[in-house]
Asker: 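Below is a structure I'd like to ask you about.
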2 protein chains.
Amino acid sequence: MQFLESTAMTPVPSPAPSTGNDRGRGFSPRTLPEQVAEELGAEIVAGRRKSGERLVELELAKGFGVSRGPIREAIRILERRRLVEVLPRRGAYVRPLSLKSVADLFNVRTALSLLAARTMASSPVESYVETLARRCDDLDELVAHGDPISFAQITTRAVRAIANGSGNGLLLELSTDLANQTVWTTIWKEPLDYLTLEVRRTTADLMRKTLDAIRRSDPDAAVANLGRLLDDDRDRALATLSAIRRQTPLANEADGS
Amino acid sequence: MQFLESTAMTPVPSPAPSTGNDRGRGFSPRTLPEQVAEELGAEIVAGRRKSGERLVELELAKGFGVSRGPIREAIRILERRRLVEVLPRRGAYVRPLSLKSVADLFNVRTALSLLAARTMASSPVESYVETLARRCDDLDELVAHGDPISFAQITTRAVRAIANGSGNGLLLELSTDLANQTVWTTIWKEPLDYLTLEVRRTTADLMRKTLDAIRRSDPDAAVANLGRLLDDDRDRALATLSAIRRQTPLANEADGS
DNA sequence: AGAATGTCAATTGTCAACAATTGACATGAT
DNA sequence: ATCATGTCAATTGTTGACAATTGACATTCT
């Protein structure tokens, strides 16, 4: 439901919706590797798989009741989504996220979202603007009714609506991946307590101002408002995370040119 | 392993014996799928694989002298690098790039690069600044000596140096992938003619101004200069591309909610 | 004739077995 | 004792075969 289709193109073959297979038991949405990736990814997101934990193919295969082939591909899918890290001959691990990595993540997400806001404001498309307006309404409604999780989800969807409204397929694709990981890092433990009534009010307000700016084709205002919203969100999330865990795993870096 | 010998659908009797294990010799720097991905990716970049061309696993397997497993994983790697697109049960295709996709690509790259410039300017690290300075020197030198390809390459490396200098690992990773695809789209045909002496002079100048801004910790100036450089580059590249191909079946966009 | 349906080759998805590599432990030399 | 070397179990890389699905062609019915 929240998986994208990317920029679609069909060279020669004619499109035809396919029905998933029905092996195993339970669901039948998509191919086996995708199902495994979704389930395993959910486990990682939910924290059932600890950061840095090794993922042994055979174990997973037995656990999911499939052979190693689909497991292997699922791992690659999760690698693409930056949820796992694969070392050439040494196995796959749940990608550890240092505090800095999370900050990096938020910053990139913000940069992309601001590009989206600017683009969308430059030439707003009615249907997409309406979608965003609906999200704003949802947010307003959720300000009062406490439910930090729902509020965070809708906020994410609003940002996603902006990414979608930009008409930039690549941007939407990247934003979705990053949003998934963002959700992961924030939902991971039990934060979201920082979403106080006041914070929610401000967030909903900024989102609506962004919407208004887009409506009147004012890119700078849209960027300014959304930028403040996202920066505030980042700061709060980081503060909460750094308070929760004092010790952080390691990250990565490297490469010279 | 005898890579680089397969054409599209020409089932030449492959000299590979059933259990022909001719890759045991020497050392394997990387895994098989990565090697295949690199080679196949190079073919796509070089234009030997046409846009939208279907990639049949068995054909590739015979061509590369390996079985379908590694080919399959190689395709996923290329999918991750956005060079191919995989349709669930219908096969993999060389990802076609419409003019709009290229524009999207450039815009995202710019957004990320500007974030990098801003971050780097906020807290410049001497060694990274020096690397960028070296690239600027290279550019200055290449302004006179006409060699559009080298100039474009160094420009890319300079942008990459900024991404690296930001200290944001995720940003660097994404930028690298996008840069690869950017190079692909521009080098693809024989453009680069737009890199006139005047353009090169301006580019080198803007890059140095960016460097100076970073040196004096002036994020706004850095963003302004690099932004103009990249926007101009995008405009020129797009103009050239749209001029080059008038008669190409264009792709299209589609999006999900 | 035209549309619906059945059949079939081509191709992708999946599996289980085989081969190669890694890291650790044990053994032995200095 | 410490370090080097050899062996071994665990795990990943690779393969070929089998099953399922797709799209197209052929057939049949109205």
Asker: Of all the nucleotides listed (dT14(C), dT22(C), dT14(D)), which has the minimum atom distance to the side chain of Leu32(A)?
Answerer: dT14(C)
Asker: For Glu59(A), check salt bridge (Lys or Arg N to Asp or Glu O under 4.0 Å) against everything at least two apart and list the hits.
Answerer: none
Asker: What integer distance in Å separates Glu34(B):CD from dG13(D):P?
Answerer: 9 Å
Asker: What is the distance, to the nearest angstrom, from the OH atom on Tyr93(B) to the P atom on dT12(C)?
Answerer: 8 Å
Asker: Quick one: list whatever passes salt bridge (Lys or Arg N to Asp or Glu O under 4.0 Å) with Arg76(A), sequence neighbours left out.
Answerer: Glu73(B)
Asker: For Arg68(B) and dC15(C), what is the distance between atoms CZ and C1' respectively, to the nearest whole Å?
Answerer: 12 Å
Asker: Taking only residues two or more places apart in sequence, or in another chain, which ones meet Glu57(A) in a salt bridge (Lys or Arg N to Asp or Glu O under 4.0 Å)?
Answerer: Arg68(A), Arg72(A)
Asker: When you compare the protein's N or O atoms with those of nucleotides 5-11 of chain C, which come within less than 3.5 Å of each other, and at what distance?
Answerer:
unit_1	atom_1	unit_2	atom_2	d
dT11(C)	O3'	Arg54(B)	NH2	3.2

Asker: Compare every heavy atom of Ile75(B) with every heavy atom of Ala92(B), then report the nearest pair and how far apart it is.
Answerer: CB-CG2, 3.8 Å
Asker: Classify the nucleic acid contact of Leu55(B) as base, sugar-phosphate or nothing, counting any heavy atom under 4.0 Å across all strands shown.
Answerer: sugar-phosphate
Asker: How is Gly69(B) classified with respect to the nucleic acid when contacts are heavy atoms under 4.0 Å: base, sugar-phosphate, or nothing?
Answerer: base
Asker: Could you tell me how far apart Arg89(A) (CZ) and dT12(D) (C1') are, to the nearest whole angstrom?
Answerer: 6 Å
Asker: Whole angstrom is fine here: how far is it from CZ in Phe64(B) over to P in dT15(D)?
Answerer: 13 Å
Asker: Between Arg134(A) and Asp138(A), does any NZ, NE, NH1 or NH2 come within less than 4.0 Å of an OD or OE carboxylate oxygen?
Answerer: no
Asker: Between Glu79(A) and Arg80(B), does any NZ, NE, NH1 or NH2 come within less than 4.0 Å of an OD or OE carboxylate oxygen?
Answerer: no
Asker: So if I take residues 70-78 of chain A and measure heavy-atom distances to DNA chain D, which residues fall below 4.0 Å?
Answerer: Arg72(A), Arg76(A)
Asker: Check salt bridge (Lys or Arg N to Asp or Glu O under 4.0 Å) between Glu130(A) and all other residues, then give those that pass, not counting sequence neighbours.
Answerer: none
